[in-house]
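Comments concern the structure below.
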Number of protein chains: 2
Amino acid sequence: MSATPSPARRTGGRSAAVLAAVRSAVEELVAERGSAQVTIPMVAERAGVNPTSVYRRWGDAASMINDLATYRISPDRPLPDTGDLGEDLVRWAQEIIEHFRQPAAAALLRGGAAAAGAGDSDCLRNRRAEATLLIERAGDGPPVDDVIDHVIAPIVYRVLFRPWSLAEDDLAGALVSRLFAGR
Amino acid sequence: MSATPSPARRTGGRSAAVLAAVRSAVEELVAERGSAQVTIPMVAERAGVNPTSVYRRWGDAASMINDLATYRISPDRPLPDTGDLGEDLVRWAQEIIEHFRQPAAAALLRGGAAAAGAGDSDCLRNRRAEATLLIERAGDGPPVDDVIDHVIAPIVYRVLFRPWSLAEDDLAGALVSRLFAGR
DNA sequence: AAGTTAAAGCAAATATTTCTGCGTTAGAGT
DNA sequence: ACTCTAACGCAGAAATATTTGCTTTAACTT
């Protein structure tokens, strides 16, 4: 057998334009109406794209939203590197908080949470990978799960259920110092 | 002006039966297929109820799921009362963890998260009220927000994105002791 | 026990979403 | 340039969901 004939994807040009248009449309609509009220025909119209294209690429609204939520923060942006793990974590947390203060980002996270099932999807997996990287680079630090439990989880909780409380003064600093307190 | 003629609601008997049937149907379906894939006709059929009744009572699937998610744990169950705040919090956290290990409860929380918007809904508000009660009763203890950030938030995060990790040994104890560590 | 009417049921009309087949456009490799 | 065909667009069909007007049932009040 030939080793996967690789059907030659065509991701550039027109396809890329469709993706970009759909992405913006989804973000707008999800922020305006909530992920549960966003339908594919609605997205297609706003994006100026044929609904069929959206159906064929994503299948249904939930998958589409989850997919777009996962890649919302650039996964290859540079991470803070001050030489001090604590400081790096604070800055990293601040970036995440700022990100999720955008209503569109928060709405996408809600959609991602809804789609997350029995391990088949997790739109925050990139954040976990980043935490792992920061800690490994420092050579020593709290377990990744502690960072998730006490820095990411509180942020996510607030994004989902108490978005206004993300604006609290020095939230990132408070969370990170609690992280180091119990060691 | 007449003081609200009180249209005399009829919540008993048949209405209560419909509510119970719909509640079970929603829990089953949401656990089986995820909140995004649950439709009102589907729920009505499983519940053996006319779709129109569901439309008229809840309007749409998202509201229905959010509404049922909010009252999933009995809000007036007795809270732990050992005389020791730390111990009470551990037991309380354990109850919550156990609760959300039921797939139906986890699925409802996902639905509630999706529906939670700009403060218009929060299916965890009862948990916050309980934390407040425990702390006030003890007369002294960490701020409620700390309990939310470092006990509830990690639990919720795990329910939503890493459900298998809820089974971890003494999760409740670990979270609560971290809560008291930074004081 | 009788009266009032909220809430449920039913059925038909309407609206929306989803699927399918086929022609068109244009991305990627030669 | 030219070829091949992935991905898009379009239109009509099919499937689903939602609304509406009316009838029936039965929960509360007196």
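Both backbone and side-chain heavy atoms feed into the values below; hydrogens, waters and symmetry mates do not. Lettering follows sequence order; numbering is per chain, from 1.
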Minimum-distance nucleotide (side-chain atoms of [X] versus [options]):
X	options	result
A/R56	D/dC10, C/dC10, C/dC19	D/dC10
A/P41	D/dT18, C/dA7, C/dT17	C/dT17
A/N50	D/dG9, D/dT18, D/dA26	D/dG9
B/T39	D/dA17, C/dA8, C/dT18	D/dA17
B/R57	C/dA7, C/dG9, D/dG9	C/dA7
B/R9	D/dT18, C/dA7, D/dT5	C/dA7

Figure out the [atom1]/[atom2] separation between [X] and [N], and round it to whole Å.
X	N	atom1	atom2	result
A/W58	D/dA7	CH2	P	12 Å
B/L29	D/dA17	CG	P	12 Å
A/Y55	D/dA13	OH	P	18 Å
B/I40	C/dG9	CD1	C1'	16 Å
A/D60	C/dT18	CG	C1'	11 Å
A/E45	D/dC10	CD	P	13 Å
B/R10	C/dA6	CZ	P	6 Å

Which atoms form the tightest heavy-atom contact between B/A172 and B/A93, and what is the distance?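 Reported closest heavy-atom pair: CB-CB, 3.8 Å.
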
- Is it true that A/R158 and B/D149 make a salt bridge, defined as a side-chain N closer than 4.0 Å to a carboxylate O?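 The answer is yes: the pair qualifies as a salt bridge.
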
If we ignore hydrogens and angles and just use 3.5 Å, is the side chain of A/R110 paired with the main-chain N or O of B/A115 as donor and acceptor?
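No; zero donor-acceptor contacts below 3.5 Å.
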
Donor-acceptor pair, distance only, cut-off 3.5 Å: does the side chain of A/T70 make one with the backbone of A/N66?
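At least one qualifying donor-acceptor pair exists.
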
Position toward the 5' end of DNA chain C (nearest nucleotide), B/T52 or B/T11: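 Checking each residue's closest nucleotide, the 5'-ward one belongs to B/T11.
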
Toward the 5' end of DNA chain C, by each residue's nearest nucleotide, A/P51 or B/R14:
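Closer to the 5' end of DNA chain C: B/R14.
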
*Criterion side chain to side chain contact (heavy atoms under 4.5 Å, CB included) on B/R72 and B/L109, from CA distance to verdict*: CA-CA 9 Å; B/R72 188 55 172 56; B/L109 181 59; over 6 Å; no

Hey, which sits more toward the 5' end of DNA chain D by its nearest nucleotide, A/V18 or B/S15?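 Whichever sits nearer the 5' end wins; that is A/V18.
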
- Query: Is B/I148 linked to B/I97 within one hydrophobic cluster, defined over Ile, Leu, Val, Met, Phe, Trp and Tyr using a side-chain heavy-atom separation of less than 4.5 Å?
  - Reply: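 Yes, because B/I148 and B/I97 connect within a single hydrophobic cluster, where side-chain heavy atoms sit under 4.5 Å apart.
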
Taking side chain as C-beta onward, heavy atoms only, is A/I152 less than 4.5 Å from A/R128?
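A/I152 vs A/R128: side chains apart.
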
request  = Report the end-to-end axis angle of the helix from C/dA1-D/dT30 to C/dT30-D/dA1; each axis comes from five terminal pairs, and the value is rounded to 10°.
outcome  =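 The two end axes of the helix from C/dA1-D/dT30 to C/dT30-D/dA1 meet at 70°.
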
Query raised in the report: Does OP1 or OP2 of C/dG9 have a side-chain N or O of B/S53 closer than 4.0 Å?
Result: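 Result: yes.
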
